[in-house]
Trainee: 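Structure in structure tokens, see below.
These numbers come from the heavy atoms of this one structure, side chains and all, not from hydrogens, waters or symmetry mates.
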Amino acid sequence: MKVALYARYSDENQRDASIADQLRICRLHAERQGWMVTDEYTDHAVSGASLLRRGVQRLIADAQAGRFQLLLSEAMDRLSRDQEDIAGLYKRMAFAGVKIVTLAEGEVTPLHVGLKGTMNAIFLKDLADKTRRGLRGRVEQGKSGGGNAYGYDVVKRIGADGEPVRGDRTINPAEAEVVRRIFRDYAAGKSPKRIATELNRDHIPAPGGGQWGFSTLNGNVSRGNGVLNNELYVGRLIWNRQHFIKDPDTGKRQGRLNPREEWIIQEVPELRIIDEALWDAVKARQASLHRERQDNGEIVNIYFRDRRRPRYLLSGLTRCGCCGGGYGMISKDQLGCSTARNKGTCDNRVNIRRDQLEARVLDALRHHLMDPALFKEFCEEFTRESNRLRMEARTDIDAAQAEIKRIEREVERLLDMLVKGTATGQAAAQVNAKMNELLGRQAELKQQVADAEEPPPLLHPEMAGVYRTQVAELYEALQGEAETKQLEATEALRALIQEIILTPEGDQLTIDVRGDLAGILAISTKQKPFGRGPKGSAKSQVEMGAGTGFEPVTFRL
């Protein structure tokens with residue numbers, strides 16, 4: 001009788017000696033039976049929940065080739081713990097004329113397959129439940145639920161009972177500084193690809209010890225993986241965000257998100273690396289790159305080309321005053337009307353050097369956009385208009401709140417009719433329908449009140465002085481050598497501009513700068529203007545023009 005032996009162990013904490021022990025006792029049993037061992041098949045540190053194991057696949061192929069007549073193993077759970085797989089293996093062996101014998105069960109029959117297969121499946125489920133219960137208890141104590149994140153070291157120590165204490169972590173200072181660098185660079189406008197390239201250039205090892213890639217930084221926002229999405233960096237330990245299920249065809253695990261109410265969130269402030277302001281800036285930039293916009297009543301995605309960081313200070317902000325088309329780079333240094341060059345439907349052929357345009361616009365932002373005397377007058381007019389709009393909005397809100405109270409009284413009256421039984425049969429159905437209609441109207445009005453527009457910001461004439469100081473500092477940062485500071489200054493300065501209109505007058509260009517009030521007010525109150533809202537949003541309800549300026553091009557309203 002030609003016999004094949006099979007041995008397996010599943011836990012990486014076990015030893016190869018486990019395989020040797022299994023084969024040794026199987027070999028002794030074969031000798032006592034007078035069988036000849038022809039082949040030995042093994043799988044090291046592989047789960048028994050799938051047949052997609054190298055040793056088992058070789059065993060099946062050799063059985064079909066007739067290399068042996070009997071398969072011997074220590075127990076059925078060494079062959080497989082999955083009901084479907086053990087049944088499939090039994091069928092394949094029977095088709096090849098191979099009997100299965102184990103030291104624990106003897107010759108395997110269909111009864112063994114049914115009973116032991118069920119018991120092994122229950123064992124796997126029970127083991128998984130106990131493991132998750134233990135991990136949850138550890139997480140609720142603020143300890144690691146498994147694995148380690150970049151920026152932290154595992155703490156190995158022995159407890160008072162002499163047993164090792166598991167799940168403790170501490171901040172790794174060198175790696176933590178790299179994490180802060182990544183967050184600062186991303187908030188400043190650098191792309192993940194560029195950040196990864198610079199980290200590799202500086203010979204900083206990646207989390208796995210190899211090279212950095214942009215996916216290591218980006219990860220997946222919804223799943224919370226990737227350096228930029230790990231909330232542990234702000235002192236929040238999140239566990240049970242997702243679960244894994246094995247594909248029965250491939251044997252590979254696939255992650256599935258759990259409902260948010262099932263997440264386990266534990267505050268661990270001692271593990272904070274990133275401050276909340278920097279985290280919020282990164283999340284705001286991520287949101288701006290993945291936002292959707294309204295276009296003719298339909299939601300459409302923002303494509304990558306619309307999300308790229310501008311190459312130049314004024315990229316995407318310049319428009320032709322004749323046709324409304326963009327002013328783009330037509331050579332290394334010159335800007336011209338793209339419609340005139342590409343379509344020939346515009347007669348504007350006046351060009352301007354990019355550096356000259358940037359210099360004049362920056363000068364206007366610094367010296368003309370917030371003239372103190374003009375801004376004082378603007379504050380007064382803005383306040384008058386804001387008060388008028390607020391009074392109109394207040395009137396609508398008061399009317400909605402009064403109607404809500406009337407609906408509440410009517411609903412109470414109808415409910416009282418149903419309770420007292422004065423409305424029965426068809427009348428009760430009509431009363432119920434009317435009550436549902438009123439409740440729907442009430443919910444609509446409450447939402448209208450909740451969504452009422454917030455009062456506009458209060459303006460003070462001294463904001464003009466703050467604005468000019470802030471812009472001067474941004475201008476100095478733009479001229480400096482620190483690249484991160486330059487990127488931050490570029491984003492802030494671009495937030496002050498809604499668009500720049502270039503209109504030909506003879507052989508010169510008149511430049512009209514239209515300011516974005518939201519960005520101007522943000523910088524005037526010493527807040528960081530971040531990004532540009534979608535066109536038509538509340539950010540740009542009011543536009544502010546620059547004052548007259550300089551030659552050879554005119555800066556005007």
Trainee: So do L217 and I182 actually touch side chain to side chain, heavy atoms under 4.5 Å?
Mentor: yes
Trainee: Can E177 and R184 be said to form a salt bridge (Lys or Arg N to Asp or Glu O under 4.0 Å), step by step?
Mentor: CA-CA 10 Å; E177 188 54 41; R184 286 194 298 265; 3.1 Å; yes
Trainee: Sub-3.5 Å donor-acceptor pair from the side chain of R285 to the main-chain atoms of Y186, do we have one?
Mentor: yes
Trainee: Can you name the nearest heavy-atom pair linking L23 to E40, along with the distance?
Mentor: CD1-OE1, 3.7 Å
Trainee: With a 4.5 Å cut-off on side-chain heavy atoms, are E175 and I273 touching?
Mentor: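 With C-beta onward as the side chain, the pair stays apart.
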Trainee: By side chain to side chain contact (heavy atoms under 4.5 Å, CB included), which residues pair with R319, not counting sequence neighbours?
Mentor: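 Once residues adjacent in sequence are excluded, the partners of R319 under the side chain to side chain contact (heavy atoms under 4.5 Å, CB included) criterion are E499, I501.
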Trainee: Could you tell me whether a side-chain N or O of R92 sits under 3.5 Å from a main-chain N or O of A61, the two making a donor and an acceptor?
Mentor: no
Trainee: Tell me if a side-chain donor or acceptor on Y152 pairs with a main-chain N or O of L232 at a distance below 3.5 Å.
Mentor: yes
Trainee: Quick one: pull up OG in S80 and CD1 in I86 and give me the separation to the nearest 0.5 Å.
Mentor: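 Those atoms lie 5.5 Å apart.
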Trainee: Side chains of R8 and T42: closer than 4.5 Å at any heavy-atom pair?
Mentor: no
Trainee: Whether the side chain of N200 engages the backbone of A196 through a donor-acceptor N/O pair (distance < 3.5 Å, no angle test) should be reported.
Mentor: yes
Trainee: Would you check if I195 and L199 make a side-chain contact, meaning some heavy-atom pair closer than 4.5 Å?
Mentor: yes
Trainee: Tell me, with the steps shown, if E198 and K190 meet side chain to side chain contact (heavy atoms under 4.5 Å, CB included).
Mentor: CA-CA 10 Å; E198 292 178 353; K190 291 185 181 180; 2.9 Å; yes
Trainee: Does a salt bridge link D202 with R181, judged by any charged N lying under 4.0 Å from a carboxylate O?
Mentor: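 Yes, charged N to carboxylate O under 4.0 Å.
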Trainee: Let's go through V178 and V227 carefully: what are the C-alpha distance in whole Å and the side-chain angles of both, what is the deciding distance for side chain to side chain contact (heavy atoms under 4.5 Å, CB included) to 0.1 Å, and is it a yes or a no?
Mentor: CA-CA 10 Å; V178 174; V227 173; over 6 Å; no
Trainee: Would you give the length of the straight line joining atom CD of E444 to atom CG of L439, rounded to the nearest 0.5 angstrom?
Mentor: 13.0 Å
Trainee: Has the side chain of R272 got a donor or acceptor atom that lies under 3.5 Å from a matching backbone atom of I274?
Mentor: yes
Trainee: Within the side chain of T216, is there an N or O that forms a donor-acceptor pair under 3.5 Å with the backbone of W212?
Mentor: no
Trainee: State, yes or no, whether a side-chain contact exists between V179 and F183 at a heavy-atom distance under 4.5 Å.
Mentor: yes
Trainee: Check whether any side-chain heavy atom of L237 lies under 4.5 Å from a side-chain heavy atom of R169, and answer yes or no.
Mentor: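 They are in contact (side-chain heavy atoms under 4.5 Å apart), so the answer is yes.
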Trainee: Going from OG on S315 to CD on E358, what distance comes out if it is rounded to the nearest 0.5 angstrom?
Mentor: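 Rounded to the nearest 0.5 Å, the OG-CD separation comes out at 8.0 Å.
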Trainee: Report the distance from atom CG of D280 to atom NZ of K283, rounding to the nearest 0.5 Å.
Mentor: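 D280 atom CG to K283 atom NZ measures 10.0 Å (nearest 0.5 Å).
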Trainee: How close do A87 and V113 get, heavy atom to heavy atom, and via which atoms?
Mentor: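 So the minimum-distance heavy-atom pair works out to CA-CG1, 3.8 Å.
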Trainee: About how many Å separate NZ of K446 and CD of Q401, when rounded to the nearest 0.5 Å?
Mentor: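 The distance works out to 11.5 Å.
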Trainee: For R236 and V268, which heavy atoms make the closest approach, and how far apart are they?
Mentor: N-CG2, 4.2 Å
Trainee: I'd like to know if the side chain of N172 reaches the main chain of D153, judged simply by a donor and an acceptor atom lying under 3.5 Å from each other, with no hydrogens or angles considered.
Mentor: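 It does not hold such a pair.
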Trainee: I would like to know whether T102 and E74 meet side chain to side chain contact (heavy atoms under 4.5 Å, CB included); could you show each step before the answer?
Mentor: CA-CA 5 Å; T102 67; E74 181 185 30; over 6 Å; no
Trainee: Side chains of Y150 and N230: do they bring a donor and an acceptor to under 3.5 Å?
Mentor: no
Trainee: State, to 0.1 Å, how close Y6 and V56 come at their nearest heavy-atom pair, and which atoms those are.
Mentor: OH-CG2, 3.5 Å
Trainee: Would R24 and D21 pass as an ion pair if we require N to O under 4.0 Å?
Mentor: yes
Trainee: Does atom NZ of K193 have more than 12 heavy-atom neighbours, drawn from other residues, nucleotides or ligands, at distances under 6.0 Å?
Mentor: no
Trainee: Looking only at side chains, do N229 and Q286 share a donor and an acceptor under 3.5 Å apart?
Mentor: yes
Trainee: Work out which heavy atom in L278 is nearest to a heavy atom in A187; give both atom names and the distance.
Mentor: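 So the two residues come closest at CD1-CB, 3.9 Å.
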Trainee: Please test L335 against L314 for side chain to side chain contact (heavy atoms under 4.5 Å, CB included), starting from the C-alpha separation and ending with a verdict.
Mentor: CA-CA 11 Å; L335 283 163; L314 304 179; over 6 Å; no
